[in-house]
Structure formats: structure tokens, C-alpha cells
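Residue numbering restarts at 1 for every chain, and letters A, B, ... go by the order of the sequence lines.
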2 protein chains.
Amino acid sequence: MDARQRLSAAGLRRTAARVLVTERMVAEGRPLTPAGICEALPELDRVTVYRTLASLEGAGLAHKVQGLDGAWRYCIDDSEISGCPGGHPHLLCTRCGAMACLLGQGLPWVAVPEGFAVQGKQLVVHGICASCAAAGAR
Amino acid sequence: MDARQRLSAAGLRRTAARVLVTERMVAEGRPLTPAGICEALPELDRVTVYRTLASLEGAGLAHKVQGLDGAWRYCIDDSEISGCPGGHPHLLCTRCGAMACLLGQGLPWVAVPEGFAVQGKQLVVHGICASCAAAGAR
DNA sequence: CTTCGAGATGCAACCCTGTTGTATTTGAGG
DNA sequence: CCTCAAATACAACAGGGTTGCATCTCGAAG
């Protein structure tokens, strides 16, 4: 699906910033930090990127996860069916900061105390990714 | 176990700051943010609290989890046997920021791509805690 | 008990992520 | 083409966390 189509389908105004950010996220296909997007799209203001991502998330076009480094990462929801957020675990390389969605796996059921209203769950598996391990072994 | 004993057993120097922080954490019994500890111990410098927590974690006396608000929380490992980190899910109230350990439950096994070296896992369940729900309903 | 050095502390400054306020621009419907 | 709500840019700010460095203190050795 085209970036413009995605935006229109979600009822969002089809602005330059949103098209650029969406296209970038689709091209990457993995969760990106706002900083990473700003780097890839220097013509956009930092605040615009933050607000654009918030719009996309609010419209259900993207989901967000936090890394261990205190930065949130946003990822385009590729399948209209996938029940993000709350959907799948995420993988984070603590060396290069890259994150990946572990599609195809769900999140476990967790027993919570009486009276606690669960809004969502986040499972982040962290470690060293294959390419970083190879680079570090040199 | 006494705070001083904990420190000695872990091979850490038994300084005033470490004793105070450890006692505070034992008294609370739930994961605390550095900011929360600073508030409770205004005689300590902010940086000292951060470094003290890092020491405790490095010595295996405490484990840390991140909240959804970008702040890490530290919790004393009470049982010498518990295999923290990587031990249990955590519960976070997104309204008041309080966090609790969900002891007695483990973390799920997650399938990761070939070559990824897992260092740890974090499962955070967020929502509204019972007391906040009660306060909000007023 | 005194000495002494590695390690811990306090302070100041800094970086990064993210948010807020406001003036200006822009997109989409009429 | 016009209009106006929504989106953008810019600046300033807030919070969490880190780093560098001078000073202090624990605890071991004598």
C-alpha cells in the first residue's frame, strides 16, 4: 500500500511530512527512533517528526516500543489485521540500537493483582545482534 | 539481612550513601526511580544516587527495569536465589508511576533469529493500579 | 592508632529525548 | 479561488541521565 493511501485510509491529512516519514518507515520495515528518522530526513523539524509519529500512532498506522536506551521506536503496522499494540515481542541490540519486531509470537498472559486494569504489555528481548557480534569479534 | 551485611557480602565498600540507599530500597520493597530515591534522601547528591544504584546493580544486589516514562527503576534483590535479572515481569501504573515486581511468575521463552545473543528480557505490564482507579473514579 | 591510596562523593556542566507555546504555512472542502 | 482548521517551524523548556574533576573517606597495611 502506498504511503498516501495509508494516510487517507486512516483519515489523516496527506502532508509532505507525513508522506516522507511514512515512506521512510515502510522502507526500513523495523522500529525507528525519532532521532533516526530526523537523521534520515534532515529537511524536517525534530518536533514535526515527533508530532507526525504521534499522529500515525494515534491513527493506528504505527505502534511504538521503548528501547533500553530511553528512546521510543516507532514501526509501521504493515498488516491491517495485526492487533498492535500489545501484539508481539521486540528484539533490541544493545550495541547498535537496532530493533526488530518478532512477528508471529504473542505476548504471554500475566496474572495481575485484583483491581489492576491492564492497558498493555511490552516484552523487549535485548542482546547483541548477529552483525554486531561479527563486528565485535574482529 | 542488614544493609551493611548485604554490601559486605557483595564486596562493596560500606559507605554512608550505599547504606542509606540500600535501606531505603529494602524499606520500600518495590522498584524505585533514582528521582524518587533522591527525594527521600535529600542529603545525597543526584549523581551519587545514580552511581550507587549502578554499583548495587553491578554487584548483583539490585535489578533494574525501565518504566514507560523513560525512567529506570531499581529494586533490591531480596532472595539470594532469585535469578535476577531476567527474572520476573513488572507492573507499572501509568498514572502514579508506581512499579511492582510480579514475583512468582517467570518470563516466557522467546524464539530469536539465528546469531542473536540474548542478554536479558523485560516484560512490563502497564495500566492503572487499584488505588489510582479508585482515586480517578471519585 | 596512624598512614595512605584506591575508590566514593559532590558539584558543575553537559547531552539526549521529548514537550509546549506561538506565529506562520498548507491542504482539502466548499 | 477562498477559507479555515490542521499542520509545520522555531524557540524555549523540562526531565533523565552522564561526564570530568577536585575533594573526601573507607579500610587495609604497617
**Q** Output the rounded distance in Å from CG (Leu56(A)) to P (dA7(D)).
**A**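 Rounding to the nearest Å, CG of Leu56(A) and P of dA7(D) are 11 Å apart.
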
**Q** For the backbone of Ser8(A) and the side chain of Arg14(A), can you confirm whether one donor and one acceptor N or O come within less than 3.5 Å of each other?
**A** no

**Q** Under 4.0 Å between a side-chain N/O of Arg13(B) and OP1 or OP2 of dA6(C), yes or no?
**A** no

**Q** Measure from CG on Leu12(B) to C1' on dA6(C) and round the result to the nearest Å.
**A** 14 Å

**Q** Would a distance-only check, ignoring hydrogens and angles, find a side-chain to backbone donor-acceptor pair under 3.5 Å from Glu39(B) to Gly36(B)?
**A** no

**Q** Would you mind reading off the distance between Leu41(A) atom CG and dA9(D) atom C1', rounded to a whole angstrom?
**A** 15 Å

**Q** Quick one: does any side-chain atom of Gln66(A) pair with a main-chain N or O of Gly67(B) as donor and acceptor, under 3.5 Å?
**A** yes

**Q** NA contact type, Ser55(B), heavy-atom cut-off 4.0 Å: base, sugar-phosphate, or nothing?
**A** nothing

**Q** Is any side-chain heavy atom of Pro113(A) closer than 4.5 Å to one of Leu102(B)?
**A** yes

**Q** Would a distance-only check, ignoring hydrogens and angles, find a side-chain to backbone donor-acceptor pair under 3.5 Å from Glu57(A) to Tyr74(A)?
**A** no

**Q** With respect to the phosphate group of dA8(C), does any side-chain polar atom (N or O) of Arg18(B) fall under 4.0 Å of OP1 or OP2?
**A**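 For Arg18(B), the contact criterion (side-chain N or O under 4.0 Å from OP1 or OP2 of dA8(C)) is met.
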
**Q** Round to a whole Å and report the spacing from CG of Leu44(A) to P of dA7(D).
**A** 15 Å

**Q** When you compare the side chains of His90(A) and His126(A), does any donor N or O come within less than 3.5 Å of an acceptor on the partner?
**A** no

**Q** Taking Leu53(B) as the starting point, is it possible to reach Leu68(A) by hopping between hydrophobic residues whose side chains are less than 4.5 Å apart?
**A** yes

**Q** Tell me the interatomic distance from Asp45(A), atom CG, to dG21(C), atom P, rounded to whole angstroms.
**A**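 After rounding, the reported distance stands at 17 Å.
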
**Q** So, is Thr15(A) close to the dA7(D) phosphate, meaning a side-chain N or O under 4.0 Å from OP1 or OP2?
**A**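 No, outside the criterion.
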
**Q** Sugar-phosphate means primed atoms, P, OP1 and OP2; the rest is base. With that split, encode nucleotides 12-22 of chain D 5' to 3' as B, S or - using protein heavy atoms under 4.0 Å.
**A** ----SBBBBB-

**Q** Please report the distance, rounded to the nearest Å, between CG in Leu20(A) and C1' in dT26(C).
**A**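 Atom-to-atom, Leu20(A) to dT26(C), this comes out as 15 Å.
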
**Q** Between atom CD1 in Ile37(B) and atom P in dT9(C), what is the gap in whole Å?
**A**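 Distance, rounded to whole Å: 13 Å.
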
**Q** What is the distance, to the nearest angstrom, from the CD atom on Glu43(B) to the P atom on dC11(C)?
**A**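 Going from Glu43(B) (CD) to dC11(C) (P), I get 12 Å.
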
